[in-house]
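Reading through the structure tokens given below for one structure.
All figures in this text were calculated on a predicted structure; none of them were measured in a lab.
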Protein chains: 2
Amino acid sequence: MIGPMQKAAEAGSGPHYLALRDRLVEEIACGALGAGARLPSERRLQLGSGAARGTVREALFQLEAEGLIYRRDRSGWYVSPPPVVYDPTRWAGFMTYVAEQGRVPTTETLHKHTVAAAAVDAAVFGCAVGAPLYALARRRAIDGRPVLIERILVDPAIAPGLIDHDLDGSLTAVLTGRYGVRVVRNHVEMRPCALIKDIAQALGVASGTPGLLVVRRSYDAADRIVEYDHEYWRHEAIRVLVEVRTRD
Amino acid sequence: MIGPMQKAAEAGSGPHYLALRDRLVEEIACGALGAGARLPSERRLQLGSGAARGTVREALFQLEAEGLIYRRDRSGWYVSPPPVVYDPTRWAGFMTYVAEQGRVPTTETLHKHTVAAAAVDAAVFGCAVGAPLYALARRRAIDGRPVLIERILVDPAIAPGLIDHDLDGSLTAVLTGRYGVRVVRNHVEMRPCALIKDIAQALGVASGTPGLLVVRRSYDAADRIVEYDHEYWRHEAIRVLVEVRTRD
DNA sequence: GAGTGGTCTAGACCACCTT
DNA sequence: AGGTGGTCTAGACCACTCA
């Protein structure tokens, strides 16, 4: 056939990009491409499939959405390592539960300073707009791969001088050990999202990469908010698990 | 300029598709495009932006990933209604918590029959491979819009004759009311995914649409599994919320 | 039947990573 | 410097929805 090809659903096998997807899934499943392995370049995948580059990329986006592969910006596509399991009902910090699963967690403080409470934050903290809050941004990695960016707000009244400490480890440990803070209630909210601009850049991923946003609010016995935390995860790096006994 | 354009980051404002995204976000935020409203067609959006259709689609995919818009296959793009809040720690069925939030839930049974337990399912149920299980597939909608497909497996020993009942309402109610089943423990797992083939088709969305998979296992006092449930949600239709008291 | 999104081609230049 | 992904153009045909 001459000119632009017809495409779509020939031989009843569905779109080309799904066929390529299936081929790659199989190669991942059978171990030809192990966890962490780098995929052939997009242009090389074209050769093997006769497809246009856009079509190849569609297959890759599909696999990315499914969490099977991820990309490092302008570097290449890689097979995703297994996800870590996160249980919001357990009050264990990142460093703890990641290590428990045989992985190596690291934390890096991107910046920490005092900010003026925005309207939204003031509502959460029950303070005046413009009141001082500690703001902390951290990047956390598993086995050396950055998996989340978090932005934490803390009321200085609860932990004066907090940001003068080393916060590259467990914030929970510092709050408990140095300030005697006891968290009795957690409010956790999750939703799929897209990682855009700053977040994507900090994680070294392309803007628009699928993610999972976890918002956590921790309260002490006096019902004061201890920690207001936004975690932006690479969506394929985490699996949320909740175990509950029914009250009745 | 002649021939293929240069694109990317002119005027320091980032890619074209993000500029278009921002424009649409604003129109949604300011109310020019209300919840449920239909967006202009892709070809019409081209005119207003001078972009190629592929670029317009990139902007739309971005908004879809962020949950702001959704599509009806081959019909058009629409502004997403607000999500419902789902709390896995509460043992309330879909029909209940959706109604509580002022929305109209509906359920439709796609098929129900007896199947032979696959290896994976047998492991969960602690039964032999090939043992009979009730399999149930339902489509659930909010305000008339299908938001999830669920596949439920139930052990016939726990609820003999279950699939002869009308299951277009609350399965929980039937299990409790007719069979005296009491669920004391829930195991819930969630992860972002892509909705593919059958699921996508049943929801009337394009294959590859972002989704959220919720897997729930309910156990009774004897620790027998009562219900093994896979829910495939449109990702923008749900927000997960967990409220926990810390044990210490 | 007109219009919509879904899929696909075949090029191009760019910013950035890697070596 | 060479290669990778990121962005973009300008077409095309198809399957489907909707009026």
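Taking 4.0 angstrom as the limit, B:T55 places none of its side-chain polar atoms (N or O) nearer than this to OP1 or OP2 of D:dT7. The phosphate of D:dC8 has neither OP1 nor OP2 within less than 4.0 Å of any side-chain N or O from B:Y17. Contact check, A:S75 against C:dC16: no side-chain N or O comes under 4.0 Å of OP1 or OP2. Within the 4.0 Å cut-off from OP1 or OP2 of C:dT18, not a single side-chain nitrogen or oxygen of A:R74 is found. Under 4.0 angstrom from either OP1 or OP2 of D:dT4 there lies at least one side-chain N or O belonging to A:S41.
Using a distance-only test at 3.5 Å, with no hydrogens or angles considered, a donor-acceptor pair links the side chain of A:S80 to the main chain of A:G67.
Distance check: A:L195 CG to A:L213 CG gives 9.5 Å after rounding to the nearest 0.5 Å. For the atom pair CG of A:L136 and CG of A:L110, the computed distance is 9.0 Å after rounding to the nearest 0.5 Å.
Residue A:R71 contributes atom CZ, which lies 8 Å from atom P of D:dT7 at whole-angstrom precision. Atom-to-atom, CG of A:L45 to P of D:dT4 comes out at 11 Å; the value is rounded to the nearest Å. Atom C1' of nucleotide D:dT4 and atom CG of A:L60 are separated by 12 Å, given to the nearest angstrom. Between the CG atom of A:L47 and the P atom of D:dT4 there is a distance of 10 Å, given to the nearest Å. As rounded to whole Å, 14 Å separates atom P of D:dT7 from atom CZ of B:F61. Distance, B:Q46 CD to D:dA12 C1': 13 Å, rounded to whole Å. Distance OH (A:Y70) to P (D:dG5): 14 Å, rounded to an integer number of Å. Put simply, CZ on A:R43 is 15 Å from C1' on C:dT9, counting in whole angstrom units.
In this structure, A:F94 and A:Y97 have perpendicular ring planes: the angle between them is above 60°, well past the 30° mark. Ring geometry, B:H111 versus B:H113: the interplanar angle falls under 30°, so the pair is classed parallel (tilted spans 30 to 60°).
Heavy atoms of B:G54 sit nowhere under 4.0 angstrom from any nucleic acid atom. Residue contacts shown for B:G50 are limited to sugar-phosphate atoms, with no base heavy atom under 4.0 Å away.
Over its full length, the helix from C:dG1-D:dC18 to C:dT18-D:dA1 turns its helical axis through 10°, comparing axes from the five pairs at each end and rounding to 10°.
Salt bridge absent: B:E108 and B:R140 never bring a charged side-chain N and a carboxylate O closer than 4.0 Å. A salt bridge is absent between B:E189 and B:R216; no separation between the charged side-chain nitrogens and carboxylate oxygens falls under 4.0 Å.
Of the two residues contacting DNA chain D, namely A:R44 and B:D73, the nearest-nucleotide position lying further toward the 5' end is that of A:R44. Residues A:Y78 and B:E42 each lie close to DNA chain C; by heavy-atom proximity, the contact nearer the 5' end of the strand is made by B:E42.
The side chain of A:R57 approaches D:dG5 more closely than any other nucleotide in the set D:dA15, D:dG5, C:dC8.
Between the side chain of B:R53 and the base of D:dG11 there is no donor-acceptor pair of N/O atoms closer than 3.5 Å.
A cation-pi arrangement is found for A:R145 relative to A:Y70, the charged atom lying closer than 6.0 Å to the ring centre and inside a 45° cone about the ring normal.
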